[in-house]
Amino acid sequence: MPLLLGLLPIFYQLRQNFKSTPVKQSGSENKRYFIIAGEASGDLHASNLVREIKKLEPGATFAGFGGDLMQEQGVTILKHYREMDFMGFIEVILNLRTIMRNMEFCKKALAEFQPDVVILIDYPGFNLRIAPFAKELGAKVVYYISPQIWAWKQNRVYKIREVVDRMLVILPFEKEFYARFDVTVDFVGHPLLDALENSGSDFATGTAFREKYNLADKPVIALLPGSRSQEISSKLPVMLNMIDRFPAYQFVIAKAKSQPMPFYEQLCKGYPITIIENATYEVLKNATAACVTSGTATLETALFQVPEVVCYKGNKLSYLIARQLIKVKFISLVNLIMDREVVKELIQDEFNASNLEKELNAILNGPKAVELKKEYELLREKLGGPGASARAAAIVHEV
């Protein structure tokens with residue numbers, strides 16, 4: 001009861017947000033979409049999907065859980081992903097109460113909004129619990145960007161078959177995986193190719209880039225320590241150790257939009273480093289090499305043709321549990337898609353200053369950088385070419 005009383009002001013605001021929007025009518029041309037993205041990469045891909053849906057349905061209405069990029073495309077954001085983004089078994093357990101509150105709030109929001117279509121973006125622990133509720137409301141459920149059930153929890157495929165109307169996958173091997181369980185999915189290609197295309201070609205480069213951000217006349221090594229506070233805190237200190245070991249280079253942090261600047265400044269105190277905000281792609285465009293936290297950023301870095309070292313370090317107990325459950329050989333999307341080690345992965349105890357220095361030297365001062373760029377071209381071919389967001393939007397519109 002105290003929880004419900006605490007949520008009443010939020011529900012009132014929710015009603016205010018939607019009271020001017022007509023209740024869904026049978027045969028209405030302007031559909032209502034509810035989108036759930038629980039992390040930064042989901043926010044990016046959802047925003048590009050919304051842009052393409054609006055081309056097909058200019059009168060469509062959008063609401064949901066996500067971030068600033070979705071909001072820029074006209075989505076009413078009811079819960080920001082930074083309030084939902086928990087990674088690791090132990091971290092999820094410690095935040096279970098918050099996760100359950102978010103889930104109840106989401107159900108109330110769905111019931112209030114009465115969507116025609118619910119679009120789930122990855123984030124399976126949350127989204128696969130919301131999908132049955134959405135079905136009960138009579139909404140069509142589209143899952144865009146499959147959970148990584150090929151890595152662990154493969155039994156989720158049966159839940160997906162039961163509660164998802166259309167599954168849109170973005171990795172080339174996922175269609176074959178689902179076929180093994182007699183589930184038909186649509187491979188639409190990877191939306192990162194669209195994200196890069198939509199980011200424009202007006203990046204400052206070379207001297208203009210250095211002048212824009214008051215940088216020295218040295219090649220840039222980019223640091224992408226992630227978007228969650230817990231992963232930044234565990235990885236960035238090791239990355240910062242490289243500054244004194246590579247005096248011929250300057251180091252630049254591509255700051256995550258979801259974290260405040262003082263958080264970075266505290267971690268970087270005493271280090272000669274530049275923190276650049278809201279310009280990750282511009283930083284990558286000008287980088288000679290990069291240290292990158294595992295995740296979507298590894299693929300973004302590869303698509304910018306930047307030699308990289310992939311870094312991962314998490315809660316020790318979470319990592320030990322994951323090792324027993326996860327069924328894939330690699331953690332980076334680059335290696336998973338190529339099905340072999342293309343970029344070096346430093347995981348858990350292997351991620352230390354000595355190993356990172358060695359791997360950075362390898363991609364800066366040897367033939368490895370040239371080899372990587374050839375591999376990156378093959379990677380791009382495997383991703384299916386640009387247009388993923390438009391292909392996904394066409395299927396959603398059809399649904």
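One is the number of the first residue; the rest follow in order along the sequence. All figures in this text were calculated on a predicted structure; none of them were measured in a lab.
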request  = Find the distance between OH (Y143) and CD1 (I160) and round it off to the nearest 0.5 Å.
outcome  = 6.5 Å
request  = Apply side chain to side chain contact (heavy atoms under 4.5 Å, CB included) to the pair I149 and F177, showing each step before the final yes or no.
outcome  = CA-CA 9 Å; I149 57 175; F177 168 82; 3.5 Å; yes
task = Look at atom NZ of K218 and say whether more than 12 heavy atoms of other residues, nucleotides or ligands are closer to it than 6.0 Å.
result = yes
ask   = Taking a hydrophobic cluster as the set of Ile, Leu, Val, Met, Phe, Trp and Tyr residues connected by side-chain heavy atoms closer than 4.5 Å, whether directly or through intermediates, do I221 and V370 fall within one such cluster?
value = no
request  = Show your reasoning for whether side chain to side chain contact (heavy atoms under 4.5 Å, CB included) applies to C268 and I275.
outcome  = CA-CA 9 Å; C268 296; I275 305 168; 4.3 Å; yes
ask   = Quick check: are there more than 12 heavy atoms from other residues, nucleotides or ligands sitting under 6.0 Å from NZ of K382?
value = no
Stepwise side chain to side chain contact (heavy atoms under 4.5 Å, CB included) test for N127 and D122 = CA-CA 7 Å; N127 279 336; D122 198 358; 5.8 Å; no
message = For N241, is there any backbone N or O sitting under 3.5 Å from a side-chain donor or acceptor partner on D244?
response = no
query = Do the rings of F62 and Y33 sit parallel, tilted or perpendicular, given the 30° and 60° boundaries?
reply = parallel
ask   = Are any non-hydrogen side-chain atoms of H80 and Q71 less than 4.5 angstrom apart?
value = no
Partners meeting ring-ring contact (aromatic ring centres under 6.0 Å, His included) with F187 (sequence neighbours left out) = none
task = Verify the distance criterion only: is there a donor paired with an acceptor across the side chains of S332 and E345 at less than 3.5 Å?
result = yes
key: Side chains of D194 and H45, donor plus acceptor under 3.5 Å   = no
ask   = At what distance, to the nearest 0.5 angstrom, does CZ of F126 lie from CZ of F65?
value = 5.0 Å
request  = Please step through side chain to side chain contact (heavy atoms under 4.5 Å, CB included) for the pair L372 and V342, ending with a clear verdict.
outcome  = CA-CA 7 Å; L372 275 175; V342 171; 3.8 Å; yes
Ring geometry between F203 and Y281 (parallel below 30°, tilted from 30 to 60°, perpendicular above 60°) = perpendicular
query = Is there a side-chain contact between V292 and V306, using heavy atoms and a 4.5 Å cut-off?
reply = no
message = Would you say that I119 contacts I53 through its side chain, given a criterion of any heavy-atom pair below 4.5 Å between the two side chains?
response = yes
remark   = S146 and Y178 have their tightest heavy-atom pair at OG-OH, 2.7 Å
task = Using the ring of F105 (Phe, Tyr or Trp, six-membered ring only), decide whether K79 places NZ or CZ under 6.0 Å from its centre and within 45 degrees of its axis.
result = yes
query = Are I363 and F330 grouped together when hydrophobic residues (ILVMFWY) are joined by side-chain heavy atoms under 4.5 angstrom apart?
reply = yes
key: Any E308 side-chain heavy atom under 4.5 Å of Y376 side chain   = yes
message = If I take atom CD from residue E277 and atom OH from residue Y264, how far apart are they, to the nearest 0.5 angstrom?
response = 9.0 Å
ask   = So, does Q259 use its side chain to make a donor-acceptor pair with the main chain of S227 at under 3.5 Å?
value = yes
task = May I ask whether I276 and M239 are part of the same hydrophobic cluster, defined by side-chain heavy atoms of I, L, V, M, F, W, Y residues being less than 4.5 angstrom apart, directly or through others?
result = no
ask   = Quick one: is the NZ or CZ of K235 closer than 6.0 Å to the six-membered ring centre of Y312, and within 45° of its axis?
value = yes
key: Within one Ile-Leu-Val-Met-Phe-Trp-Tyr cluster: L364 and V220, side-chain cutoff 4.5 Å   = no
task = For R129, look at atom CZ and say whether over 12 heavy atoms of other residues, nucleotides or ligands are found less than 6.0 Å away.
result = no
query = Does the side chain of V343 come within less than 4.5 Å of N335's, by heavy atoms?
reply = yes
query = Hey, does the side chain of N286 reach the backbone of G206 with a donor-acceptor pair shorter than 3.5 angstrom?
reply = yes
message = Can you tell whether the side chains of E371 and K374 come within less than 4.0 Å, N to carboxylate O?
response = no
query = Is a donor on one side and an acceptor on the other found under 3.5 Å between the side chain of S234 and the backbone of K313?
reply = yes
Distance-only donor-acceptor pairs under 3.5 Å for side chains of residues 161-176, two or more places apart:
residue : atom : partner : partner atom : Å
R161    : NH1  : F181    : O            : 2.9
D165    : OD1  : K135    : NZ           : 2.9
D165    : OD2  : K135    : NZ           : 3.3
D165    : OD2  : V141    : N            : 2.7
R166    : NE   : D186    : OD2          : 3.2
R166    : NH1  : E398    : OE2          : 3.2
R166    : NH2  : D186    : OD2          : 3.3
E174    : OE1  : I170    : N            : 3.2
E174    : OE1  : L171    : N            : 3.1
E174    : OE2  : W150    : NE1          : 2.9

key: L284 side, atom CG; E282 side, atom CD - distance, nearest 0.5 Å   = 10.5 Å
ask   = Got a donor-acceptor contact below 3.5 angstrom from the K54 side chain to the Q73 backbone?
value = yes
task = In plain terms, say whether E375 and R340 are close enough for a salt bridge, that is, a side-chain N and a carboxylate O under 4.0 Å apart.
result = yes
ask   = Same cluster or not: are V118 and L78 linked, directly or through other Ile, Leu, Val, Met, Phe, Trp or Tyr residues, by side-chain heavy atoms under 4.5 angstrom apart?
value = yes
query = Does the K31 side chain pair with the main chain of V117, one donor and one acceptor, at a distance under 3.5 Å?
reply = no
inquiry  = A side-chain contact here means heavy atoms from C-beta on lying under 4.5 Å apart; do K107 and I130 qualify?
reply    = yes
ask   = Looking at CG of L224 and OG1 of T298, how far apart are the two atoms once the value is rounded to the nearest 0.5 Å?
value = 10.0 Å
message = For the NE2 atom of H190 and the CG atom of L196, what is their distance to the nearest 0.5 Å?
response = 10.5 Å
request  = Would you mind reporting whether I35 and Y144 have side-chain heavy atoms less than 4.5 Å apart?
outcome  = no
